[in-house]
Protein chains: 2
Amino acid sequence: MNNEKISLLIDRYMKVSFYVNKMGELLIKDQICDVLTNEQYYTLRFIAQQGLCTSTEISEAFYINKSAVTSNINRLEGKGLIERQQDRSDRRVFHLKLSKEGAELLRETEHKIHKLVESIMTNFEYEEIVRFLDTYEKLSQIFIQMKNGKQEEM
Amino acid sequence: MNNEKISLLIDRYMKVSFYVNKMGELLIKDQICDVLTNEQYYTLRFIAQQGLCTSTEISEAFYINKSAVTSNINRLEGKGLIERQQDRSDRRVFHLKLSKEGAELLRETEHKIHKLVESIMTNFEYEEIVRFLDTYEKLSQIFIQMKNGKQEEM
DNA sequence: ACATATAGTTAAGTGATTGAACTAATTTTT
DNA sequence: AAAAATTAGTTCAATCACTTAACTATATGT
């Protein structure tokens, strides 16, 4: 493929991914209650999916430093949405879980977002969505391989 | 489509888009010189594409407040990468353009990113890329319509 | 027992953002 | 032509999310 063609694809991708992400964030912001930021919603979501979960796991899943996790979960704990529970057998570890309020808030938010996505999805054939996600996940796999390749250099 | 199926697609989409964006950001960060953040690179890129460009245009394109633009361009001007030029016929307006250093830095960065994307693209058929972008852009169009619909309510 | 590794926190600093109040310049209305 | 409204951009105070480096406390390996 020639350079011109590649540049055009780069422009298309950067433009559309920027716009879709931005709009996605704004739509989610509209759905979630004012007490949560989008990042905080993602964190709640992750903790709930893990069941029990530690700071280190969040740090690795979100590719951020553990100190960033500490401040994020401090904010969530301050709002009474999550709780820390010290592990008995290894007292360095703190397990995170949603409080009753956190779980309820997440449940409501998930419901709203589900409805929103449902309405968007009516514009697509199921096959088109799946094909799109397949390519997207293939790209994701390539990134994983690139990262592994890079780590082996070290 | 049933709820279960929708939830699965939501999970797939959120997971893959988060990961791809994150990795994309990290790869770009690797390419751009240490003096630039990713946001600053995007801003430089936009100013260059516009030729002449104002704060208000950046604000609208990036969906951020004008006060955020002011601080962003202050940082770029502080590094000597862009210049402000007051419009003669409307003295409220300041035109932004890349300085010689800014243009050179952007040129180098674009080249590196072009090489990177080229290497990633070898993993895909051209048709697969285009099909992916078509669906992505369709989603983007839907967001635009939703936004317009919402504005008409007001 | 001593050295090393791990889990998490603290502290200082930065970048990106919002919102409200503001200045200066331009346009519209009366 | 004067007054009112709009527009372009800035300033200020606050918040969030993040980084890096230094730290505490606990656990593990030799």
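So that the names make sense, note that chain A is the first sequence line, chain B the second, and so on, each numbered from 1. Worth knowing before you read on, the calculation uses all heavy atoms, side chains too, and leaves out hydrogens, waters and symmetry mates.
- For the pair K22(A) and T56(A), both in contact range of DNA chain C, the more 5′-proximal nearest nucleotide belongs to T56(A).
- Side-chain nitrogen and oxygen atoms of S67(B) include none within less than 4.0 Å of the OP1 or OP2 phosphate oxygen of dT11(D).
- In the model, S89(A) has a side-chain atom that pairs as donor or acceptor with a side-chain atom of D87(A) under 3.5 Å.
- Between T37(A) and dA17(D), a side-chain N or O to OP1/OP2 separation shorter than 4.0 Å is present.
- Per the geometry, NZ belonging to K79(B) stands 9 Å off C1' belonging to dG15(C), to the nearest Å.
- Remark: the E25(A) side chain and the Y63(B) side chain contain no N/O donor-acceptor pair separated by less than 3.5 Å.
- Regarding contacts with the backbone of dG9(D), every side-chain N or O of R92(B) stays at 4.0 angstrom or more from both OP1 and OP2.
- Distances from the side chain of I64(B) to the nucleotides dT20(D), dT17(C), dC18(D) place dT17(C) closest.
- For N72(A) and dC16(D), the shortest distance from a side-chain N or O to OP1 or OP2 is not below 4.0 Å.
- Heavy-atom neighbours of K79(A) NZ from other residues, nucleotides or ligands within 6.0 Å: above the threshold of 12.
- The side chain of V93(B) approaches dG9(D) more closely than any other nucleotide in the set dG9(D), dT17(C), dG19(C).
- With rounding to whole Å, N65(B) atom CG is found 18 Å from dC22(C) atom P.
- Nearest nucleotide to the side chain of S55(B), out of dG15(C), dG9(D), dC16(D): dG9(D).
- Contacts of S89(A) with the nucleic acid, taken as non-hydrogen atoms under 4.0 Å apart, involve only primed sugar atoms and P, OP1 or OP2.
- You'll find that the side chain of D90(A) is closest to dT26(D), out of dT10(C), dT26(D), dT17(C).
- Nearest nucleotide to the R91(A) side chain, out of dA8(D), dG8(C), dT26(D): dT26(D).
- Note on T70(A): a base of the nucleic acid sits closer than 4.0 angstrom, heavy atoms only.
- OP1 and OP2 of dG8(C) both lie 4.0 Å or more from every side-chain N or O belonging to Q86(A).
- Listed pair N74(A) / dT9(C) fails the phosphate criterion, with no side-chain N or O lying under 4.0 Å from OP1 or OP2.
- DNA chain D is contacted by both D87(A) and S71(B); S71(B) maps to the nucleotide lying nearer its 5′ end (nearest heavy atom per residue).
- Between the side chain of K97(A) and the main chain of L52(A), no donor-acceptor pair closer than 3.5 Å is present.
- Cation-pi contact between K5(A) and Y126(B): present, with separation from the ring centre below 6.0 Å and deviation from the ring axis of at most 45°.
- Following rounding to the nearest Å, D34(B) (CG) and dT14(C) (P) show an atom-to-atom distance of 16 Å.
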